[in-house]
Protein chains: 2
Amino acid sequence: MSMPTSRDVARLAGVSQTTVSYVLNGRGNVSDATRERVLGIAAEIGYRPNQAARSMRTRRSGRIAVIMGAGIESHMQLLAGASEVAQQAGYAAESHHIDGTPDDRGERVLDLAASGQYEGILTIAPVPDELAAPVGSDCVIVPAATFDAELHSMGPLADATLIGTFVETLAAAGHRTFVHIAGPDDYVSARARAAAYTEAVERLGLRSLGLIGGSWGAETGRRAILDLPAQDETIAVIAGNDDLAIGVLRGAAERGWSLPDDLVVTGWDNHEFGAYTTPAITTVAMDFREAGRRAMRRLVAALGHTTPPPEEQGLMRIVWRESTGELPTAG
Amino acid sequence: MSMPTSRDVARLAGVSQTTVSYVLNGRGNVSDATRERVLGIAAEIGYRPNQAARSMRTRRSGRIAVIMGAGIESHMQLLAGASEVAQQAGYAAESHHIDGTPDDRGERVLDLAASGQYEGILTIAPVPDELAAPVGSDCVIVPAATFDAELHSMGPLADATLIGTFVETLAAAGHRTFVHIAGPDDYVSARARAAAYTEAVERLGLRSLGLIGGSWGAETGRRAILDLPAQDETIAVIAGNDDLAIGVLRGAAERGWSLPDDLVVTGWDNHEFGAYTTPAITTVAMDFREAGRRAMRRLVAALGHTTPPPEEQGLMRIVWRESTGELPTAG
DNA sequence: TTGTAGGCGTTATCAC
DNA sequence: GTGATAACGCCTACAA
């Protein structure tokens, strides 16, 4: 009871196998009657084209590798969006989880590209910036987040403009002393956020206690607060993500600082827990699934040598909560 | 500059293409000298077997679909472990993210099985219990967590015995009033935890305020606490996971209840945030990545008609923290 | 509008 | 030990 082939369909429909192929691929000129008959038979016997045979003939594997790191929660949503678009475009998306440094990953990615098994590779976890597919392989490597040639961040993942909004809004509310707790600078998004922070602080002439951090983990946020010299005015902490922010909350509690009087803090990602801490964390809600879709659309477009659809903005919005004293009533 | 084929290797090595195939697959009797020469040439010119051609000939796609739901963070780790094992076993793991009810997923899974594209399907997100591959397809469907025929939970994901430990330990510490906030009973793990809770409470003759819940979300935990009638003794809350537990924390804060005097709570999953809430959440740390490996090993074993390696226990351990008053000093 | 024929790169069955 | 040779299921000139 093996799978029916296009020959079986042809036989049952009383046509040649070529005609079946034409019908299924929409090529050639097939009469409506024939087309309908073939389609009917195919559906009836549950014919499914054999991908392996098709790949062999077309020399296109139809496979895309998605490179994931370990443990970043939002990557799961990104993968979901990416694999959704890949499937719609007729590609199979395989996830590869590669631990280690960006260089480690870069090596593995190059090997995957050289393997000839994949038409494209989407890197969600960070890889070295100048990673290009090896010569002789026509595998397209597309990072989910990048800078363009002029160091403007590209793609929704690297859009850090709302960091500026955080700083501006808090400054307008009277805050003068800021500090940024950044993610690892392997990440384009972390670099973009740090850059946006620096720009805003300098532009507004605010006092900055500097950029600290270097990981996405809560302990880094806690440590940062514990290590801060005592302050006589409220500190506004711009954390790179919600994990760092909850660490900040913990550090503040351990120092006996209360929010929002001694300290205010913003996060990023809108993880569910942030709405249930006390105080709840002001953050940026981002549609990761859609971001994953867009990244994969860029890759698919590159594979088809078409231009990707323009990326309308609007994937992010600020959620003001108790950790900043719930600021913007209007706006 | 297309990829070299086994014919190229054969020509360069001065042997027949058949011999190259023998060398690469370890079949037939090939002399050491020949083998070494072939292997040398293959490595030199960067030969990689063409998967599509191989699949076509062997009638094995080498592909496994992994069914994920939306938004459960730990699924990411499970996938990482599963895809690791799949790759080692020579399979390509493709993740499919299917939203909706278990029934929705079941339908899609059946379709995937019938498509003939996959040799196996690993379901991480819940699907209907009695899901079996359609006749005529030899696609193996293996759930990551299941009950066996006698309703004992199978697989590390469904092991809820530590719920019993929570209840026993808290009872030994003097707690008499318990309540369980359960996850959605689509999940084998949620059902297993609820069952373990009920068993322990009855066995020890404790007072139970019942089983409430029905989702994994923090809001459910918060709501549960807000809806609880006022109590004159400490309530011990056994939450189905850390998200529920942080919701409990929030609800308690809103009611002005303080921990661990008015309420104690346990979570499950050891999400990072749980160590940084105030109070930090007592929970169960589980090696999801290893759990994913084991699940995939079961599937791979089923595909190869071998018996899976025995699953030593020891994937979980309790992490006592402030939300229970840090109980077990010894043991 | 439809059919014939050849080949994609591999594995497997035979001979030698 | 090694080598012809025939599929596997599909696509696509080219012929009819």
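Convention: sequence-line order gives letters A, B, ...; per-chain numbering from 1. Every value quoted in this text rests on a predicted model; they were computed, and no experiment measured them.
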Value in whole Å for how far the C1' atom of C/dT11 lies from CG of B/Asn50: 13 Å

Indicate, with a heavy-atom threshold strictly under 4.0 Å, whether A/Ser31 touches base, sugar-phosphate, or nothing. sugar-phosphate

Taken to the nearest whole Å, CZ/B/Arg59 to C1'/C/dT11 is 12 Å

Of the listed D/dC10, C/dT10, C/dA12, the closest approach to the B/Thr18 side chain comes from C/dA12

Atom CG of A/Asn25 and atom P of D/dT12: how far apart are they, to the nearest Å? 7 Å

Rounded to whole Å, the CZ-P distance (B/Arg54 to D/dG9) equals 18 Å

Identify which one of B/Thr19, B/Leu12, B/Thr18 satisfies the side-chain contact (heavy atoms from CB on, under 4.5 Å) criterion when paired with B/Val15. B/Thr19

Listed nucleotide nearest any side-chain atom of A/Val15, set C/dT10, C/dC8, C/dG3: C/dG3

Taking B/Glu119 first and then B/Arg63, would you say they form a salt bridge - that is, a charged N and a carboxylate O separated by under 4.0 Å? no

Would the base of D/dC8 count as contacting B/Arg57 through its side chain, where contact means a donor and an acceptor less than 3.5 Å apart? no

Go through D/dT12, C/dT13, D/dG9 for me and flag the one nearest to the A/Ser21 side chain. D/dT12

Atom OH of B/Tyr22 and atom P of C/dC14: how far apart are they, to the nearest Å? 11 Å

Please pick, from C/dG3, D/dT12, C/dG9, the nucleotide with the shortest atom-to-atom distance to any side-chain atom of A/Thr19. C/dG3

Would you say a side-chain N or O of B/Ser6 is under 4.0 Å from OP1 or OP2 of C/dT10? yes

Tell me which of A/Ser16 and A/Arg7 sits closer to the 5' end of DNA chain C, going by the nucleotide each one is nearest to. A/Ser16

What I want to find out is whether A/Arg48 reaches B/Asp111 closely enough, with some N-O distance under 4.0 Å, to be called a salt bridge. yes

What is the distance, rounded to the nearest whole Å, between atom CZ of B/Arg11 and atom P of C/dT10? 13 Å

Are B/Asp103 and B/Arg108 ion-paired here, with the side-chain N under 4.0 Å from a carboxylate O? no

Output the single nucleotide from C/dT11, C/dG9, D/dA13 whose closest atom is nearest the side chain of B/Thr58. C/dT11

Distance from B/Leu299 atom CG to B/Leu122 atom CG, nearest 0.5 Å? 6.0 Å

Ignoring hydrogens and angles, does a donor from either the side chain of A/Gln51 or the base of D/dC10 sit under 3.5 Å from an acceptor on the other? no

Interatomic distance, B/Leu24 CG vs C/dA12 C1' [rounded to whole Å]: 15 Å

Have a look at A/Thr34 and say if it touches a base, only the backbone sugar-phosphate, or nothing, with a 4.0 Å heavy-atom cut-off. sugar-phosphate

What is the separation between atom CE on B/Met56 and atom C1' on C/dC8, rounded to the nearest whole Å? 7 Å

